[in-house]
S.K.: 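Before I ask anything, here is the structure I am working with.
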Amino acid sequence: MSVRSKSSEPSVPSQAPHRAGFACFVGRPNAGKSTLTNALVGQKVAITANQPQTTRHTVRGIVHRPDAQLILVDTPGLHKPRTLLGERLNDVVRTTWAEVDVIGFCLPANEKLGPGDRFIAKELASIKKTPKIAIVTKTDLVDGKTLAEQLIAIDQLGKELGFEWAEIVPVSAVGDKQVGLLADLIVPLLPEGPALYPEGDLTDEPEQVMIAELIREAALEGVRDELPHSIAVVVEEMLPREDRPADKPLLDIHAFVYIERPSQKGIIIGPKGKRLKDVGIKSRKQIEALLGTPVFLDLHVKVAKDWQRDPRQLRKLGF
Ligand SMILES: Nc1nc2c(ncn2[C@@H]2O[C@H](COP(=O)(O)OP(=O)(O)OP(=O)(O)O)[C@@H](O)[C@H]2O)c(=O)[nH]1
Ligand SMILES: [Mg+2]
């Protein structure tokens, strides 16, 4: 086992060759993959929420360093699928980990290893050629003893399955602990080569998708049970408002918030439309920060009956 802490941080030799490559974060839903991706990139490229299955497609976040370009591929949480959407998401994760140079398996420090983690670890064990780093997330939530026990359990899990973790690294994305160290440990595992993305690019997400995600993130806040899974957002149109003076532009964005059943409409809209209005205000601020221009956000709620289970609806919603 090689648990790293700051004191054992490897120093990068000045003549080290430039490296560039891909590392994906996998793990159960809610393990902290997207929060860690954002912390490493230094900007929000993936939405996060205290709900499982927040991430629904792979999101690339790009870390630029003098010695390397590290492309992080944040993936949807791997889980037992209950819907066609769930199956599609799991397929996406498996395709991704077959294509990357390093796999980062995220396990929250504050939850004991469970069947879900074992299931993922078992699948990872069959990918022999790719180095696997175990990342213990959310270390700010536990004391030293709990963390130590978790590190030992993870080491043991690798041994049981017949492989050795390349590293076991405890991090806290929220507390900004050992996030830089994690990048230092991944970089030497990347192939030598020139940068793959232009300097300054932090993600390759299309603007329209990022906007839809920011709206979904705002819509997820405070909803419970099945509703988070039922929400999908699509940006239908983005147009600069006509007849505006050049120094006072306004961008009109029309978006639909989809739900699965008419009965969910009232919850999303809220009494007298208040909830939807709040979602609009909150996401508009973030969209304006992202685009650097004032925005008029027009949100409509629409029912797409049982879209998570319907192949045609899934296709329409981009899955
Ligand atoms: N205290 C603490 N909370 C964290 C940390 N990292 C993530 N969280 C919280 O854990 C929850 C889940 O985080 P996400 O980053 O959305 O988790 P995820 O693994 O991407 O989840 P899915 O996309 O659903 O698979 C959010 O409420 C985060 O704020 C951390 O380092 N410390
Ligand atoms: Mg996520």
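Remember, it's 1-based here, ligands and their atoms both numbered in the order they're listed.
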S.K.: Specify whether an N/O/S atom of T48 falls short of 2.8 Å from the Mg ion (ligand 2).
M.R.: no
S.K.: What protein heavy atom sits nearest atom 3 (N) of ligand 1, and how far away is it?
M.R.: V174 CG2, 3.7 Å
S.K.: Of all the atoms in ligand 1, which lie at a distance below 4.0 Å from a heavy atom belonging to Q51?
M.R.: 24 (O)
S.K.: Does the side chain of L227 reach to within under 4.5 Å of the side chain of I268, using non-hydrogen atoms?
M.R.: yes
S.K.: Report yes or no: is the cationic atom of K132 (NZ for Lys, CZ for Arg) closer than 6.0 Å to the six-membered ring centre of F163, at no more than 45° off its axis?
M.R.: yes
S.K.: Is there an N/O/S atom in T37 that lies less than 2.8 Å from the Mg ion (ligand 2)?
M.R.: no
S.K.: Going by atom types only, do K44 and Q286 share a side-chain donor-acceptor pair under 3.5 Å?
M.R.: yes
S.K.: Heavy-atom distance under 4.5 Å between the side chains of L72 and L40, does that happen here?
M.R.: yes
S.K.: Out of all atoms in ligand 1, which are within 4.0 Å of some heavy atom of L141? Include the element for each.
M.R.: 1 (N)
S.K.: Is the shortest distance from a heavy atom of N30 to ligand 1 less than 4.0 Å?
M.R.: yes
S.K.: Do H254 and E236 have a side chain donor and acceptor closer than 3.5 Å?
M.R.: no
S.K.: Looking only at side-chain N and O atoms, does H229 offer a donor or acceptor that is under 3.5 Å from a partner on E260?
M.R.: no
S.K.: If hydrogens are left out, which of R56, K33, R28 has an atom nearest to atom 18 (P) of ligand 1, that is, the closest non-hydrogen atom?
M.R.: K33
S.K.: Tell me which protein heavy atom sits closest to atom 32 (N) of ligand 1, plus the residue, atom name and distance to 0.1 Å.
M.R.: D140 OD1, 2.7 Å
S.K.: List the closest protein heavy-atom neighbour of atom 8 (N) of ligand 1: residue, atom name, distance to the nearest 0.1 Å.
M.R.: K138 CE, 3.7 Å
S.K.: Considering both backbone and side-chain atoms of A173, is one of its nitrogen or oxygen atoms within less than 3.5 Å of a nitrogen or oxygen in ligand 1?
M.R.: yes
S.K.: Please could you name the atoms of ligand 1 that P29 approaches to less than 4.0 Å, counting only its heavy atoms?
M.R.: 25 (O)
S.K.: Would K302 count as a cation-pi partner of F256, with NZ or CZ less than 6.0 Å from the six-membered ring centre and within 45° of the ring normal?
M.R.: yes
S.K.: From the options V93, V73, T37, I71, select the one residue that forms a side chain to side chain contact (heavy atoms under 4.5 Å, CB included) with C24.
M.R.: V73
S.K.: Name the closest protein heavy atom to atom 7 (C) of ligand 1, giving the residue it belongs to and the distance to 0.1 Å.
M.R.: T35 OG1, 3.3 Å
S.K.: Does the side chain of T75 come within less than 4.5 Å of V26's, by heavy atoms?
M.R.: yes
S.K.: Around atom 16 (O) of ligand 1, find the nearest protein heavy atom and jot down its residue, atom name and distance.
M.R.: A49 N, 3.2 Å
S.K.: When you compare the side chains of D298 and H300, does any donor N or O come within less than 3.5 Å of an acceptor on the partner?
M.R.: yes
S.K.: To the nearest 0.1 Å, how far is atom 17 (O) of ligand 1 from its closest protein heavy atom, and which atom is that?
M.R.: G32 N, 3.1 Å
S.K.: Below 4.0 Å from ligand 1: does a non-hydrogen atom of G27 turn up there or not?
M.R.: no
S.K.: Sub-3.5 Å donor-acceptor pair from the side chain of K138 to the main-chain atoms of E111, do we have one?
M.R.: no
S.K.: Number the atoms of ligand 1 from 1 as they appear, then name those within less than 4.0 Å of a heavy atom of G77, with their elements.
M.R.: 25 (O)
S.K.: Given the ring of F319, does R56 sit roughly above its face, with NZ or CZ under 6.0 Å from the centre of the six-membered ring and within 45° of the axis?
M.R.: no
S.K.: Polar contacts were defined as any N/O atom of the residue lying under 3.5 Å from an N/O atom of the ligand; does this apply to T139 and ligand 1?
M.R.: no
S.K.: Any N/O of P52 closer than 3.5 Å to an N/O of ligand 1?
M.R.: no
S.K.: As an exercise, identify every atom of ligand 1 less than 4.0 angstrom from a heavy atom of S172.
M.R.: 31 (O)
